[in-house]
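Notes for the one structure printed next.
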Amino acid sequence: MSGQAKPTQPRTPAGITRRDPYAPRGIWLTLESIGAITLAILWVLPLAYAVWAAIHPSEYTTRFVLTAPLTFDNFTRAWAAAPFARYFLNSFILVTFILAFQLVLGTLAAYALARQDFFGRDVAFALILAQLMIMPDALIVENYQTMARLGLVDTIPAIALPYIASAFGIFLLRQTFKTVPKELDDAARVEGASPLQVLLKVYVPLAKPTYVAYGLVSVSYHWNNFLWPLIITNSVESRPLTVGLQIFSSPDQGIDWALICAATLMTSAPLLLGFLIFQRQFVQSFMRAGIR
């Protein structure tokens, strides 16, 4: 009503930025900075030690002398001690195989759960969410028995099959697809597009940031996965990099930390290099996926 006084909003003078009332101030800002720096140092210390031990002789792995001689013999010895070329190939095939199936199955399942009406849709989605609460390690025995019945023990498909359908990927893509305006779906159908064409021409292009973010998570996890590949493989022909690294910590041969650190750096180098090259794309993908 015109006779009632309207509440006035506090105005900020031109050129002056209002401070965030929830931002830390004073001593709390100092403590927050100290804590962040401390966590960063603790995070980088293992990597710094691995680099130090890998580029110095074995006798300097516990002696931090600035005048210690540099050497790259540790990388040469590590490469010669194991068939790393085969391990790299196995890991590359493994993560590519898993990611390809996860994207295809996750996209189809997410589209059906987000836009298709069918009996039991909510129940199916609830079961997928329930799978998120089951740790993969709890199913190792059942998975091994299944692979043995299929005759796939000690093969790369045996490592990949338990992971080709990702509940997290389905959930993430479903939530992304639900943010796509329904009008775009209807417009494509009016133009005569089939459901598969609508998915490929409308939904998939709009979900590219989500695909990149999920691809990073999937590749990183399965590149570093250790327990299941260790159990299901027995030969060099099917071992990935993480399982191949165990030969460097054999008690019978003694533990050479310089050799172990060199082998570890070679194993993680592809992920580190990929992150450094595509750092901006990775960060933007996570931010866009989070905003959606």
For this session: List the steps, then state whether side chain to side chain contact (heavy atoms under 4.5 Å, CB included) holds for Leu216 with Ser220.
Result: CA-CA 6 Å; Leu216 170 64; Ser220 300; 3.8 Å; yes

[X] atom [atom1], neighbour heavy-atom count above 12 within 6.0 Å:
X: Phe118; atom1: CZ; result: yes
X: Phe119; atom1: CZ; result: no
X: Phe92; atom1: CZ; result: no

Donor-acceptor pair, [X] side chain versus [Y] backbone, under 3.5 Å?
X: Thr155; Y: Leu152; value: yes
X: Trp52; Y: Tyr60; value: yes
X: Ser91; Y: Leu241; value: yes
X: Gln102; Y: Tyr163; value: yes

Minimum-distance pair of heavy atoms, taken over all atoms of [X] and [Y]:
X: Pro57; Y: Pro69; result: CD-O, 3.2 Å
X: Gly106; Y: Ile170; result: CA-CG1, 3.8 Å
X: Leu200; Y: Pro205; result: O-CD, 3.3 Å
X: Asn74; Y: Ile55; result: ND2-N, 4.3 Å
X: Tyr87; Y: Ala82; result: CE1-CB, 3.9 Å
X: Ser235; Y: Asp154; result: OG-OD2, 2.8 Å

Does the side chain of [X] reach to within under 4.5 Å of the side chain of [Y], using non-hydrogen atoms?
X: Val202; Y: Asp185; result: no
X: Arg189; Y: Gln197; result: no
X: Tyr214; Y: Leu103; result: yes
X: Asn90; Y: Leu94; result: no
X: Asn234; Y: Val153; result: yes
X: Thr61; Y: His56; result: no
X: Tyr49; Y: Val44; result: no
X: Ile128; Y: Leu113; result: yes

Gap between atom [atom2] of [Y] and atom [atom1] of [X] - 0.5 Å precision:
X: Arg115; Y: Lys178; atom1: CZ; atom2: NZ; result: 6.0 Å
X: Leu173; Y: Thr210; atom1: CG; atom2: OG1; result: 6.5 Å
X: Met147; Y: Ile231; atom1: CE; atom2: CD1; result: 13.0 Å
X: Leu99; Y: Tyr221; atom1: CG; atom2: OH; result: 14.5 Å
X: Thr176; Y: Leu172; atom1: OG1; atom2: CG; result: 5.0 Å
X: Ile93; Y: Phe88; atom1: CD1; atom2: CZ; result: 13.5 Å

Exercise. Passes side chain to side chain contact (heavy atoms under 4.5 Å, CB included), Asp256 versus Ile260? Steps please.
Worked result: CA-CA 6 Å; Asp256 188 344; Ile260 293 176; 5.7 Å; no

Problem set entry | Ring centres under 6.0 angstrom apart (Phe101, Phe97) |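 Here the rings of Phe97 and Phe101 have centres that are less than 6.0 Å from each other.
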
Are [Y] and [X] connected into the same hydrophobic cluster when the rule is that any two of I, L, V, M, F, W, Y join if their side-chain heavy atoms are below 4.5 Å apart?
X: Leu272; Y: Val51; answer: no
X: Leu196; Y: Tyr211; answer: yes
X: Ile164; Y: Val104; answer: no
X: Leu139; Y: Trp228; answer: no
X: Trp223; Y: Leu265; answer: yes

For this session: Output, in order, the C-alpha distance, side-chain angles, deciding distance and verdict of side chain to side chain contact (heavy atoms under 4.5 Å, CB included) for Leu245 and Thr267.
Result: CA-CA 8 Å; Leu245 281 177; Thr267 301; 3.5 Å; yes

For this session: Evaluate the side chain to side chain contact (heavy atoms under 4.5 Å, CB included) criterion for residues Leu161 and Asn143: first the C-alpha distance (whole Å), next the side-chain angles of each, then the deciding distance (0.1 Å), finally the verdict.
Result: CA-CA 9 Å; Leu161 282 177; Asn143 288 336; over 6 Å; no

For this session: With Arg174 as the cation and Phe177 as the aromatic partner, state whether NZ or CZ is under 6.0 Å from the six-membered ring centre and within 45° of the axis.
Result: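 Not flagged: Arg174 not positioned over aromatic ring of Phe177.
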
For this session: May I ask you to check whether Thr233 and Ser238 show a side-chain donor-acceptor distance below 3.5 Å?
Result: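 Distance-only check fails for Thr233 and Ser238.
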
